[in-house]
Amino acid sequence: MQVFPYRVRSIWKEWDLRAFILTSLCLQIVLIFSGSLRKCNKSRCISLILWSAYLLADWVATFALGILSNNQGSPSGPHIENNNLLVFWAPFLLLHLGGPDTITAFSLEDNELWMRHLLGLMFQVGVAIYVFIGSLPQTRLKAPAALMFLAGILKYGERSWALMCASMDNLRNSMVTPPDPGPNYAMFMEEYASMSAAGLQAEIEVEKEPETQPRARSLDTDAKEISTKEILSNAHRFFHTFKRLIVDLILTFHDRNESRSFFLQLRDPLQAFKVIEIELSFIYEVLYTKSTVIHTVVGPFLRGITFFSILSALLLFLFTKKHGYTDIDIAITYILLGGALVLESYAVGLLVFSEWAFLKLKDLKQYRLSNMIFASISFFRPTNRPRWSDAMAQHNLISFCLEDQPSTIKSVMDFLSVKEAWDRFHHTTYCHVDEDLKIFIFKEIKEKSSSAEDSKGYKRFSTCRGEWALQKKGYQDKLGWSVEVEFDESILLWHIATDLCSYSDGTSQPENKCSDQNISKAEAISDYMLYLLVVRPFMLTAGIGQIRYGDTCAEAKKFFQRGEGMPNKEEACKMLRFVETKVPPIQVKGDRSKSVLFDACMLANALLELKVEKRWKIMSAVWVEMLCYAASHCRGYYHAKQLSAGGELLTLVWFVMAHLGIGEQYRIEEGHARAKLIVEI
């Protein structure tokens, strides 16, 4: 029994190949023009479209090659000429499988599968050649097909090369310095022992490795800001140093001194963030695009070969006799050639008018040409446009507990094990990271960096998660217990306490969370940290945060349901505020439940005893310190992973800390010691 009528099957058999190859071209257009949108956008819709196009692009092209292979040798008589034209489409599918320059990997995991992709390259090229050989010797399209095969194989090879270079192992190997045995200790001690045995009085004098002068020129301290070109140049220079953080490599005190001297001279904290945004943009391009291929010495040559191959193939086909070919297939062939030429022209434009090209020409001292390229870049992409989403996610515990009411739909979702995913999606909002918040974060980190007296101080500050802020304000004895517990517990304690204090003061304004007031800053960071705990737990230190969050939500829901009907948020906060908490909850409840709901009420009551202005200064400082702690203890791999999803504020904070010398990545503090033997005669 046939599922589909004969007419439908005959139409499909006639048009399947044409439909798939045109779909493949459309998917390439979607990818090349929107592949870089996810770098600056957290939209789930854009992410879904790109994910679908990325997967379908390979599947559709592979399926179309299979159709061509299956049809090989079946036509006969008058159809054989037209079949030779259809076979000419095989190298276009290789071109499509090579993908656009703007996206090679959708996620970091794709880079790790580069060997599978290389195997696919060899197999698909073999199939395409097999299909084309079947049309020999009668085909009139040998020359244009050879040119398209050249372009297709090069593009496919570029993608495999880019995936290989961006895989974590290869990326790390490309940055690892040669093994360093250090000064010859055995020979030195042998000389020392021989002199001592000879009765000579020998003393060891040690000189430390001299500190190098920063390569960056000193900034004009009277200038309010540096030029955009200087920002771009310094971002590119620091990118080559600090990209090592992504693969968990170490830095030296020379790197810290050079970076720190530059960032401490910046009078505008927003320019510091702009430098870091551009750095992360370069890292994104290395990990997720063909930058590691096209921005090399051979890159422009490869792009030139593919462009002129496609152009020559188009011209040759234009003057080829087309008798025996159907009009519709001729039109599709022109669409494929024209589409390939347009896409390749766009790729050439991206290569020429790129920041990489500007920086390369500047290094070659081709200032006139580099200035022209920079002017073009500034026109199409203004410098004030953010290089990331410039947004921070928000998740609020009390709001979630009040809104998460039982229903039939939620019971079904719970049965299907999708409710947790739905809760993360539905109860997460996004807030713009405004300039005041960036300035506040930078000043707090800068103050820590300036307070560090030695290398131990830099490392110590990266381990603080509220202690330094409380100690500086003089409240370590009173509030220190709340930051000495596990980190996920501290986040929940301070998150709930922030909400209670905010509504107690009557100043909570959710729609203006990122204003220039300490209250709004504390609220914004508080909800962001809870979002990381609930939705991005892999970016925080290991713990039982998910269990603790679940138990706290369960207790909160049970508490709010005591009265008639569910209260609004302000009433819920008042209910929690007036709970008697003289006896610690653990003494009454035990420790089976990991809820911290009423421990947070104790913290809120302690904070409410302070004056309003003092209270919010302390809370905002503690939240920034927690943010810094989370940033410095998240693995570089997960920071890099989020670059393809609009980026995270946590990653920018991590780089600010690293540039100001704070963190445990600086493992070389003194360098080689230069020991001398001083002999007294």
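In this structure, Arg140 is positioned above the aromatic face of Tyr325, its NZ or CZ under 6.0 Å from the six-membered ring centre and within 45° of the axis.
Taking the six-membered ring for Trp and thresholds of 30 and 60 degrees, Phe20 and Phe63 have ring planes inclined between 30 and 60 degrees apart.
Take Ser233 and apply the side-chain hydrogen bond (donor to acceptor under 3.5 Å, both in side chains) test, not counting sequence neighbours, and it matches Lys362. Residues that satisfy the side-chain contact (heavy atoms from CB on, under 4.5 Å) test with Ser312, not counting sequence neighbours, are Leu147. Taking Val342 as the reference, nothing meets the side-chain contact (heavy atoms from CB on, under 4.5 Å) condition, with sequence neighbours excluded. Taking Ala645 as the reference, Gln642 meet the side-chain contact (heavy atoms from CB on, under 4.5 Å) condition, with sequence neighbours excluded. Remark: Phe425 engages Trp422 in a ring-ring contact (aromatic ring centres under 6.0 Å, His included) (not counting sequence neighbours). In this structure, the side-chain contact (heavy atoms from CB on, under 4.5 Å) partners of Ala162, at least two apart in sequence or on a different chain, are Thr104, Lys290, Thr292, Val293.
Residue pairs satisfying the salt bridge (charged side-chain N to carboxylate O under 4.0 Å, His left out) criterion with at least one member in residues 118-131, sequence neighbours excluded, are absent. Sorted by first then second residue, the side-chain hydrogen bond (donor to acceptor under 3.5 Å, both in side chains) pairs that include residues 16-33, not counting sequence neighbours, are Arg18-Asp329, Ser24-His96. Counting only residues at least two apart or on different chains, the ring pair (Phe, Tyr, Trp, His ring centres under 6.0 Å) pairs with a member in residues 270-291 are His236-Phe282, Phe239-Phe282, Phe282-Trp356, Tyr284-Tyr288. The salt bridge (charged side-chain N to carboxylate O under 4.0 Å, His left out) contacts involving residues 48-67 comprise Asp58-Arg159, where partners must be two or more places apart or lie in separate chains. Listed by first and then second residue, the salt bridge (charged side-chain N to carboxylate O under 4.0 Å, His left out) pairs that reach into residues 313-324 come to none, sequence neighbours excluded. Applying the salt bridge (charged side-chain N to carboxylate O under 4.0 Å, His left out) test to every pair with at least one member in residues 112-121, sequence neighbours left out, gives no pairs at all.
Proximity of the aromatic rings of Phe379 and Phe374 is defined here by a centroid distance below 6.0 angstrom, and this criterion is not met. For Tyr156 and His117, the gap between ring centers is short of 6.0 Å.
Just one residue in the list Arg385, Lys39, Lys438, Arg387 forms a salt bridge (charged side-chain N to carboxylate O under 4.0 Å, His left out) with Glu277, and that residue is Lys438.
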